[in-house]
Amino acid sequence: MWTFLVRRLLQSIIVLIGVTLISFVSLQIGGDPTYLFVSENASLEEIERTRAALGFDRPLHIQYLSYVWNALQGDFGDSLSYRQPAMGVVMEAMPATIELTIFSLFLAIALSIPLGIYAALKRGKPADGGIMTLAMLGQSIPNFWMGIMMIMFFGLYLRWFPISGHVPFLEPLFDGDFATAFRNLPQSMYYMIMPAIAVGTYTLARNARLVRSSMLEVLQQDYVRTARSKGISERRVILHHAMRNAWLPVVTMIGLEFGFLLGGVVVVETVFSYPGIGRLVFNAINQRDIPVVQASVILIAVIFILLNLIVDLIYARLDPRVKL
Amino acid sequence: MTDTTPAPSAAQTGDVGGLPVSYRRRELRRAFQSMVASRWALVGMLILVVVCIVAIFGPAMAPFDPNRQNIITRLLEPGSPGRGDAVYWLGSDHLGRDVLSRLLYGARVSLLVGVAAIAVGGTIGTIAGLVSGYFGGWIDDVIMRIGDIQLAFPFILLAIMFLVVLGPGLMNMILVLGIGQWITYARIVRAQTLSLREKEYVEAARAMGDRTISILFRTILPNIMAPLTVIASFNVASVILSEAALSFLGLGVPPDVPTWGSMLSESRDHLLSNKWWLAVFPGLAIVFTVLAFNIIGDWLRDFLDPRLKENG
């Protein structure tokens, strides 16, 4: 267990170093990065001044080491449009994005497991065909288009849901104001429901197919046959014997799914004018605010790596057979 | 230990095209029969053929110049008449450009980006996977760790990070999307190569003194084409989705090139005024194209490697 822990930690550190390397390379790939930090009309003097101030006149390896050192302290420079530390700007937008990601992950998993199991139990019947066709469609719809369609139909035509906005839940929770947080929760979910469906549809569809095929496999196992032959009711066989193992592949994927959903959230947030990292990145792209883009991407990558590490460690704790 | 007989490779048959003509004909017939039997696959293939025709002949079919702006014909509803006999079958956008013509041109970009990115990613990934799996050791470690690092970024964010610096452009888009996919291929090819390198016919090729490069590309590669083809089909679908998302964010090709993603991006400003056709048609074009590739991928998986069949 300890060997696994140490090895897994070391791996995560290597990956983290790689992340800084990739983001550093992404800065340098277009040539002298100084031009990313000055306006188009900047004078030669101003360019020189910026180059010296940001240290782009030093050798590459020194630049990289100083980049890593700054990144370790969360310093990605000042945002070019907000004129304050980029990481601070990103951190302010983070709770809203995490809320939306968790909610869409919850929706996707909560719906995909019963749908996948139901499809497996009705294998070959119209219900199975219907669910699988919808799942195939769900994997083919761009999340942002799904958002636009929902805004048009449920937001503007039926007027069931708000088409933009956000009521914070995590922010008051982090501040220790539990009363406000839980008072906000129903409204928070009401505002998040459309973006969460738009973000989570792909994952829902993919997991429903995964659960179905895993359930079909489990239903053919000896222990299910044994349970049936003992005369246990079909309902009990499915709920207590088959189902527990059928959703395992989905649970193992939660860490990866979270990262995948975070990527989707970035695009969908712009559709719903949702005040999270996505909208921030979108605005930063349009204003070429490189420090904000870098800080956002790296923060998400770090969360993703840590989350996968935690999931792996929990998994290793639960299942002693897991060794790396 | 007995092996399942691999498909005869070029090295074994001596055939210039890789496989004997009769074998290839038989396989093609079997593929066609299987496709007809699975109605979904046939539907997918038909959609794909239509999209390909549109991508190739789109400019000839387009009723208008996709970039021609006309203030008088702004935001016309679908079916509105234009000057003379011309009709805006799918309406016009905020600059008076014909939506149908832009859709037809957009097919070309989506398909080109999808296929080219897969060619880039598939080539890099296949070579990396073959080398990694065949040689093992530190080469394998290094290649796989690079892949792990890349997978630490949600892909769309990695693409954003590079495209913001590189700037929009067709070639940049293809490179970023292609390089983003290499690890998918590398992992599959590596796993297959690991098991194939121990097979007797690979052993035999080595014993006969074949060069490593020939073993990799003429003995091993032909035998892992099946899973590669399946992955490529699904991958085209996901690359088209990513291209649409990046174009939607304003990181795609330059504004004068119509793409489905950028059309959707522009449609957002007219949602409140209920100009539904600006969002519905480009979205449907993406959905049908991606759906077609996903259906074909499903069928290919069942056809080429029944062991992978989704218990359906």
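In what follows, every chain begins at residue 1, and chains take the letters A, B, ... in the order their sequences are listed.
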For the atom pair [atom1] ([X]) and [atom2] ([Y]), what is the distance rounded to the nearest 0.5 Å?
{"X": "A/Ile14", "Y": "B/Ile146", "atom1": "CD1", "atom2": "CD1", "answer": "12.0 Å"}
{"X": "A/Ile277", "Y": "B/Leu157", "atom1": "CD1", "atom2": "CG", "answer": "9.0 Å"}
{"X": "A/Ile22", "Y": "B/Phe162", "atom1": "CD1", "atom2": "CZ", "answer": "6.0 Å"}
{"X": "A/Ile285", "Y": "B/Leu246", "atom1": "CD1", "atom2": "CG", "answer": "8.0 Å"}
{"X": "A/Phe144", "Y": "B/Ser247", "atom1": "CZ", "atom2": "OG", "answer": "8.0 Å"}

Any idea which heavy atoms bring [X] and [Y] closest together, and the distance?
{"X": "B/Leu241", "Y": "A/Ile141", "answer": "CD2-C, 4.2 Å"}
{"X": "B/Val280", "Y": "A/Met149", "answer": "CG2-CE, 3.8 Å"}
{"X": "B/Asn294", "Y": "A/Met136", "answer": "CB-SD, 3.6 Å"}

Contacting region of [X] [heavy-atom separation from chain B under 4.5 Å]:
{"X": "A/Val271", "value": "both"}
{"X": "A/Val19", "value": "both"}
{"X": "A/Ser12", "value": "neither"}
{"X": "A/Met152", "value": "side chain"}

Name the region of [X], side chain, backbone, both or neither, that has any atom closer than 4.5 Å to a heavy atom of chain A.
{"X": "B/Ile240", "answer": "neither"}
{"X": "B/Leu151", "answer": "backbone"}
{"X": "B/Leu249", "answer": "both"}
{"X": "B/Ala245", "answer": "both"}

- prompt: If you count the non-hydrogen atoms of other residues, nucleotides and ligands that lie under 6.0 Å from CD in B/Glu77, is the total more than 12?
  reply: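 Result for CD/B/Glu77: open.
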
Within residues 262-271 of chain B, residues adjacent to chain A where the heavy-atom gap is under 4.5 Å: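 Listed by number: B/Leu264, B/Ser267, B/Arg268, B/Leu271.
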
message: Heavy-atom pairs under 4.5 Å with chain B: which of A/Ser26, A/Ala301, A/Gly18 has the most?
response: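 Sorted descending by pairs with chain B, the first entry is A/Ser26.
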
- prompt: Out of A/Ile305, A/Val266, A/Thr270, which one racks up the most heavy-atom pairs below 4.5 Å with chain B?
  reply: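 Answer, by heavy-atom pair count under 4.5 Å with chain B: A/Thr270.
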
Validation row: [X], [Y] side chains within 4.5 angstrom (heavy atoms):
{"X": "A/Ser140", "Y": "B/Ile295", "answer": "no"}
{"X": "B/Ile160", "Y": "A/Phe282", "answer": "no"}
{"X": "B/Ile149", "Y": "A/Leu16", "answer": "no"}

Worked verdict on B/Asp298 versus A/Arg209 for side chain to side chain contact (heavy atoms under 4.5 Å, CB included): CA-CA 12 Å; B/Asp298 255 14; A/Arg209 294 179 68 170; 2.7 Å; yes

query: Where the side chain of A/Trp145 meets the backbone of B/Pro282, is there a donor-acceptor pair that is under 3.5 Å apart?
result: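 Pair absent, no side-chain N/O of A/Trp145 close to backbone of B/Pro282.
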
field: Full working for side chain to side chain contact (heavy atoms under 4.5 Å, CB included) between A/Leu137 and B/Leu291
entry: CA-CA 7 Å; A/Leu137 202 61; B/Leu291 189 66; 3.9 Å; yes

query: Who pairs with A/Thr34 by side-chain hydrogen bond (donor to acceptor under 3.5 Å, both in side chains), at least two apart in sequence or on another chain?
result: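 side-chain hydrogen bond (donor to acceptor under 3.5 Å, both in side chains) check on A/Thr34 returns A/Asp32, A/Arg51.
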
- prompt: Taking it one step at a time, do A/Thr133 and B/Trp40 satisfy side chain to side chain contact (heavy atoms under 4.5 Å, CB included)?
  reply: CA-CA 10 Å; A/Thr133 306; B/Trp40 272 114; 3.8 Å; yes

